[in-house]
Amino acid sequence: STCFNDLKAATNMVIHEMAVFQSDRAYEAGELIKRGNLTRIETETPPANALSNWPPGVVTASRYIESGQTLLDSDVEQSEYVVISATNIIRGQVITEEMIERRLQPRKQMGAQTLSMLEEAIGLEATRTIRAGTAINISDLTAADLVRKGENVTLTVIRGALTISVDTIAMEDGKMGEQVELTNAESGKVIRGIVTGRHKARGISP
């Protein structure tokens with residue numbers, strides 16, 4: 001009976017001993033928290049809902065955390081980097097690198113269509129007006145007319161080792177990789193080119 005009581009007491013001690021995480025500094029809501037910047041301590045009196053298992057992936061503070069605070073489950077959340085509009089983007093604008101940025105956002109706030117890489121948005125056209133600070137979804141963008149009728153287009157023509165740039169005017173709209181009719185700004189001759197970027201096309205080899 002004594003042995004049983006001793007075992008029961010020892011078991012109770014093990015059950016009540018819990019490893020928790022303490023912050024080494026203060027964190028603002030939304031700030032990235034790295035596991036290596038926390039102290040792990042064993043305690044027999046952990047607070048209710050104390051965080052005992054560190055979540056996988058990118059973790060941020062869900063609210064302000066004081067230095068030396070024992071973290072609760074509700075103090076942290078798993079987050080992902082998403083593409084955010086850095087400025088107001090008007091419907092019909094072609095997205096450039098200066099218009100967007102990557103920012104951490106709680107995973108629970110993300111939609112299935114939210115973009116995570118800048119490259120997924122650059123060169124596409126906004127289908128609606130997007131306010132600054134808004135997460136960008138696939139449905140907010142469409143393939144852009146990188147060349148538009150009436151606009152100036154630089155046509156690059158390669159002849160062997162020689163590369164020539166010709167100033168032209170677009171006769172029609174064109175997306176990346178599409179063929180468009182262009183008018184030579186000097187001679188007035190109509191030529192065809194393949195769209196390679198905003199206001200850019202390359203000549204078609206004869």
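Numbering of residues begins at 1 and proceeds along the displayed sequence. Because the structure is a prediction, the values reported are computed rather than measured. Any value given below was found using the heavy atoms of this structure, including those in side chains, with hydrogens, waters and symmetry copies removed.
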If two hydrophobic side chains count as joined below 4.5 Å and joins carry through other members, does [X] share a cluster with [Y]?
X: Met18; Y: Leu72; answer: no
X: Val157; Y: Val180; answer: yes
X: Met171; Y: Ile191; answer: no
X: Leu124; Y: Val94; answer: no
X: Leu141; Y: Val82; answer: no

Between [X] and [Y], does any side-chain donor sit less than 3.5 Å from a side-chain acceptor?
X: Asp24; Y: Thr39; value: yes
X: Ser139; Y: Arg128; value: no
X: Asp75; Y: Ser62; value: no

So, taking the atom named [atom1] in [X] and the one named [atom2] in [Y], what distance separates them when rounded to the nearest 0.5 Å?
X: Glu125; Y: Ile90; atom1: CD; atom2: CD1; result: 12.5 Å
X: Ile95; Y: Ile136; atom1: CD1; atom2: CD1; result: 5.5 Å
X: Leu155; Y: His199; atom1: CG; atom2: NE2; result: 14.5 Å
X: Leu51; Y: Gln22; atom1: CG; atom2: CD; result: 12.5 Å
X: Glu98; Y: Ile122; atom1: CD; atom2: CD1; result: 8.0 Å
X: Ile164; Y: Thr156; atom1: CD1; atom2: OG1; result: 10.0 Å

Check the pair Leu182 / Ile169 against side-chain contact (heavy atoms from CB on, under 4.5 Å), numbers first and verdict last.
CA-CA 5 Å; Leu182 307 163; Ile169 298 168; over 6 Å; no

[X] versus [Y], closest heavy-atom pair with distance:
X: Ile89; Y: Ala126; answer: CG2-CB, 3.8 Å
X: Pro47; Y: Thr70; answer: CG-CG2, 3.8 Å
X: Val20; Y: Ala50; answer: CG1-CB, 3.8 Å
X: Trp54; Y: Lys34; answer: CZ2-C, 4.5 Å
X: Ile158; Y: Thr163; answer: CG1-OG1, 4.1 Å
X: Ala121; Y: Leu115; answer: CB-CD1, 4.0 Å

Ring-face cation of Arg103 near Tyr81 (centre distance under 6.0 Å, axis angle within 45°):
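Here Arg103 fails the 6.0 Å and 45° test against Tyr81.
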
[X] atom [atom1], over 12 foreign heavy atoms within 6.0 Å:
X: Met110; atom1: CE; value: yes
X: Glu186; atom1: CD; value: no
X: Lys200; atom1: NZ; value: no

If we only count heavy atoms from C-beta on, is the [X] to [Y] side-chain gap below 4.5 Å?
X: Ser116; Y: Glu80; answer: no
X: Glu120; Y: Leu118; answer: no
X: Arg63; Y: Ser74; answer: yes
X: Ile33; Y: Ile65; answer: yes

Do side-chain atoms of [X] reach the backbone of [Y] as a donor and acceptor pair under 3.5 angstrom?
X: Asn88; Y: Arg131; answer: no
X: Arg40; Y: Ser52; answer: yes
X: Ser23; Y: Gly68; answer: yes
X: Arg102; Y: Val83; answer: no
X: Arg202; Y: Val195; answer: no
X: Ser85; Y: Ile100; answer: no
X: Ser67; Y: Ala26; answer: no

Taking only residues two or more places apart in sequence or in another chain, which ones pass side-chain hydrogen bond (donor to acceptor under 3.5 Å, both in side chains) with Gln179?
Arg192

Any salt bridge linking [X] with [Y]? Criterion: basic side-chain nitrogen under 4.0 Å from a carboxylate oxygen.
X: Glu77; Y: Arg107; result: no
X: Arg25; Y: Glu31; result: yes
X: Lys149; Y: Glu181; result: no

Which is it for Asn137 and Thr114 under the side chain to side chain donor-acceptor pair (under 3.5 Å) test, yes or no, and what are the steps along the way?
CA-CA 4 Å; Asn137 297 321; Thr114 307; 3.1 Å; yes

Would you please test Leu71 and Leu38 for side-chain contact (heavy atoms from CB on, under 4.5 Å) and show each step?
CA-CA 10 Å; Leu71 301 185; Leu38 301 172; 3.9 Å; yes

Go through Asp173 and Arg148 one step at a time and tell me if the salt bridge (charged side-chain N to carboxylate O under 4.0 Å, His left out) criterion holds.
CA-CA 4 Å; Asp173 297 340; Arg148 295 175 181 173; over 6 Å; no

Could you walk me through whether Ile84 and Thr134 pass the side-chain contact (heavy atoms from CB on, under 4.5 Å) test, one step at a time?
CA-CA 5 Å; Ile84 301 285; Thr134 303; 5.9 Å; no

